[in-house]
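Only one structure is covered here, and it is reproduced in the block below.
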Amino acid sequence: MAKFLRPESFSAATEDLSLLPFNFERTGANQYLVANMVGDFVHLSEEELNRLVDLQVRPGDGLYEKAYAAHLVTGANQKAQRQLLAARLRSRMSFLQHTTPLHIFVVTLRCEHSCPYCQVSRQSTDRSRFDMSEQTAMRALDVAFGSPMARIKIEFQGGEPLLNFPLIKKIVAAAKQRPGKKLDFVIASNLALLDDAVLEFCKDNNVLLSTSLDGPSDLHNKNRPRPSANSHELAVAGIKRARETLGPDRVGALMTTTEASLERVDEIIGEYLRLGLDGIFLRPLSPFGFAVKTKQYAKYDAQKWLAFYERGLRRILEINRQGTPFREFYAALLLTRMLSDRPIGYVDLRSPAGAGLGALVYNYDGSVFASDEGRMLAETGDDTFRLGHVEHDSYSSLILSDKLIGAISSSLTQCAPECSTCVFESHCGADPVYHHATQGDALGIKPLSAFCARQKGIMGLLLDILERSPEDAAILRRWAAA
Ligand code: SF4
């Protein structure tokens with residue numbers, strides 16, 4: 001059998017033409033942004049778009065070549081274009097072959113911080129009934145090892161997980177004794193309790209550390225109160241010690257944007273640079289846990305956050321132009337989707353949604369949730385995303401539960417109102433937990449969704465920079481290729 005199609009399969013169509021799927025959006029009086037089914041963008045004038053839709057194009061007229069190159073039109077009997085699109089789509093969606101690579105163990109809900117934006121509804125440190133038991137942990141490992149993935153990541157969260165460090169050690173030891181999987185470990189900690197024993201353990205077991213850093217000392221300490229008001233000092237000292245002991249790439253930091261952060265993005269980025277970190281993830285507050293109870297979540301809207309984000313992104317590009325490589329990680333994820341066909345497993349940027357398929361969360365009491373946000377909702381009385389319990393469920397029964405299948409199938413962007421015709425759909429994601437939390441519906445009404453507004457705002461901004469500023473576009477392209 002011939003390995004390649006015959007040359008005429010790739011030549012200009014002379015027979016009837018056929019449109020390929022595409023979405024479009026008006027961007028100006030006479031201008032449209034058009035995206036093919038794998039999200040390549042092209043600008044067309046209104047007259048061009050009308051001619052294309054009416055198939056009033058022919059080889060040699062310029063528009064045909066433009067539309068053909070953008071996979072918007074093909075010969076009715078020509079297979080090559082469709083096969084190419086199918087291959088690209090298959091590559092983009094291949095994250096579906098990697099089911100549940102992440103398993104989050106909430107080893108305790110206790111915490112010695114009292115952050116008003118806390119999304120997990122932590123408990124005070126002395127309430128040890130909020131610790132996971134060893135029996136629950138071993139059952140959770142049974143479920144995690146039931147996942148078909150050859151490599152899984154086990155992440156320890158809280159509360160503050162180091163308050164139950166003995167259990168973390170037991171889980172790591174038990175997981176390593178079980179055959180059949182490669183393992184990665186992460187501890188998500190505020191680092192206030194980091195000591196030599198923890199660092200030694202992380203080094204011996206190749207454990208990554210992930211922490212929170214909201215910016216300069218006064219901002220961070222305001223956001224993250226603890227006795228002695230020294231959260232920032234402890235986090236910074238912890239980051240430095242961890243980088244020295246484990247290596248610069250073995251500790252990462254995440255920031256959360258509060259109302260107090262909005263005017264201070266340059267200082268926040270400066271703090272990350274000062275500590276030698278190679279990038280920052282500019283994150284909005286999530287509508288869960290204490291962030292809702294204390295009304296922190298309602299203190300700024302999507303437009304204010306987008307203004308904050310744009311200022312931050314432009315500052316980061318300036319830093320790169322001055323010779324220091326530094327990334328904004330959310331932009332890097334989106335750019336990978338926009339400029340390549342590499343699959344992205346990031347749970348908020350995929351459809352079908354990453355709930356359950358991307359991660360399972362084992363709560364301290366043995367309840368299993370489809371996502372970290374799902375367990376945050378449960379702490380405030382909403383069990384919608386509680387899939388089962390480690391005592392009487394297996395990996396299969398959790399993943400095939402009606403609850404999970406219902407949430408995922410009802411939130412697909414590919415067929416959701418607004419999303420299915422959105423020019424950014426290929427690069428966006430379904431976020432059923434967010435939309436359930438904010439609108440009481442897994443699908444959500446997208447014109448009222450802050451998630452949607454942020455997605456459109458950021459992707460529009462990135463496209464604008466890619467098209468108007470060659471020097472910044474080169475930096476963004478490097479992020480996508482990293
Ligand atoms: S959530 Fe918004 S930006 Fe994303 S695909 Fe749907 S309509 Fe488009």
Decide, yes or no, whether a salt bridge links Arg314 with Glu310 under the criterion of side-chain N to carboxylate O below 4.0 Å. yes
Do Tyr68 and Pro59 have side chains that get closer than 4.5 Å, going by heavy atoms? no
Glu271 CD to Ile280 CD1 distance, which is reported to the nearest 0.5 Å: 9.5 Å
Measure the spacing between CZ of Arg264 and CG of Asp214 and express it to the nearest 0.5 Å. 11.0 Å
Flag, side chain of Asp372 to backbone of Val361, donor-acceptor distance under 3.5 Å: no
Within-4.5 Å side-chain heavy-atom neighbours: Leu33 and His43: yes
Judged by modelled atom types alone, do Asn363 and Glu379 share a side-chain donor-acceptor pair under 3.5 Å? yes
Please tell me if the side chains of Glu418 and Pro447 come closer than 4.5 Å, counting only heavy atoms from C-beta onward. yes
Nearest 0.5 angstrom please: Leu333 CG to Ile344 CD1, how far? 5.5 Å
Minimal non-hydrogen separation, His427 against Val38, with atom names: CE1-O, 3.8 Å
Measure the shortest side-chain to side-chain distance between Ile104 and Arg375 over non-hydrogen atoms and say whether it is less than 4.5 angstrom. no
Counting only N and O atoms by type, is there a donor-acceptor contact under 3.5 Å from the side chain of Gln157 to the main-chain atoms of Ile187? no
Okay, side chain of Arg82, backbone of Gln78: is any donor-acceptor separation there less than 3.5 Å? yes
Can Asp142 and Val390 be said to form a side-chain contact (heavy atoms from CB on, under 4.5 Å), step by step? CA-CA 8 Å; Asp142 292 342; Val390 294; over 6 Å; no
I'd like to know if the side chain of Thr211 and the backbone of Ser189 have a donor-acceptor N/O pair within less than 3.5 Å. yes
Quick check: does any side chain N or O of Arg92 sit under 3.5 Å from a backbone N or O of Gly39, one acting as donor and the other as acceptor? no
Within a strict 4.5 Å, meaning less than it, do heavy atoms of the Val34 and Val423 side chains meet? no
Decide if atom CD of Gln322 counts as having more than 12 heavy atoms of other residues, nucleotides or ligands within a radius under 6.0 Å. yes
Donor-acceptor contact present, side-chain Thr380 to main-chain Leu377, <3.5 Å: yes
Would you call Asp348 and Arg283 a salt bridge, taking side-chain N to carboxylate O under 4.0 Å as the test? no
Strictly below 4.0 Å, N to O, side chains only: are Asp393 and Arg139 in salt-bridge contact? no
Nearest non-hydrogen partners of Asp249 and Leu208, listed with the distance: O-CD2, 3.6 Å
Using only atom types and a distance under 3.5 Å, with no angle test, would you say the side chain of Tyr272 pairs donor to acceptor with the backbone of Leu213? yes
Rounded to the nearest 0.5 Å, what separation is found between the CG atom of Leu398 and the CG atom of Leu360? 6.0 Å
How many angstroms lie between atom CG of Leu102 and atom CE of Met149, to the nearest 0.5 angstrom? 10.5 Å
Check whether any side-chain N or O of Ser469 sits under 3.5 Å from a backbone N or O of Ile465 as a donor-acceptor pair, and report yes or no. no
Look at the aromatic rings of Phe385 and His436 and report parallel, tilted or perpendicular, splitting at 30° and 60°. perpendicular
What heavy-atom pair brings Ala378 and Asp383 nearest, and what distance separates the two atoms? CB-OD1, 3.4 Å
Quick check: does any side chain N or O of Asn23 sit under 3.5 Å from a backbone N or O of Cys422, one acting as donor and the other as acceptor? yes
Quick one: do Arg315 and Glu318 make a salt bridge, cutoff under 4.0 Å? yes
Sub-4.5 Å side-chain heavy-atom contact between Leu141 and His103: no
Would you indicate whether Phe329, at its atom CZ, is surrounded by more than 12 heavy atoms from other residues, nucleotides or ligands within a distance under 6.0 Å? yes
Would you check if there is a donor-acceptor pair between the side chains of Thr100 and Ser147 at a distance under 3.5 Å? no
Arg337 and Cys428, any side-chain heavy atoms less than 4.5 Å apart: no
In terms of heavy-atom contacts, Ala70 and Val42 come closest through CB-CG1, 4.1 Å
Say whether, by atom type as modelled, one donor and one acceptor occur between the side chain of Lys446 and the main chain of Pro417 under 3.5 angstrom. no
Look at Glu48 together with Arg51 and state whether they make a salt bridge at an N to O cut-off of under 4.0 Å. no
Just by distance, with hydrogens left out, do Gln439 and Ser449 show a side-chain donor and acceptor under 3.5 Å apart? no
Does any part of the side chain of Glu259, heavy atoms only, come nearer than 4.5 Å to the side chain of Leu285, both counted from C-beta? no
Give the C-alpha distance, both sets of side-chain angles, the deciding distance and a yes or no for side-chain contact (heavy atoms from CB on, under 4.5 Å) between Gln81 and Asn36. CA-CA 12 Å; Gln81 287 270 69; Asn36 66 21; over 6 Å; no
Apply the test side-chain contact (heavy atoms from CB on, under 4.5 Å) to residues Phe424 and Phe41: give CA-CA distance (whole Å), side-chain angles for both, the deciding distance (0.1 Å), then the verdict. CA-CA 9 Å; Phe424 296 117; Phe41 295 106; 3.8 Å; yes
Spacing of CD1 belonging to Ile316 relative to OG1 belonging to Thr324, to within rounding of 0.5 Å: 12.0 Å
Answer with yes or no whether the side chains of Ser94 and Ser91 bring together a donor and an acceptor at under 3.5 Å. no
Between Thr256 and Pro284, the two heavy atoms sitting closest are CG2-O, 4.4 Å
Is there a donor-acceptor contact under 3.5 Å linking the side chains of Arg327 and Asn320? no
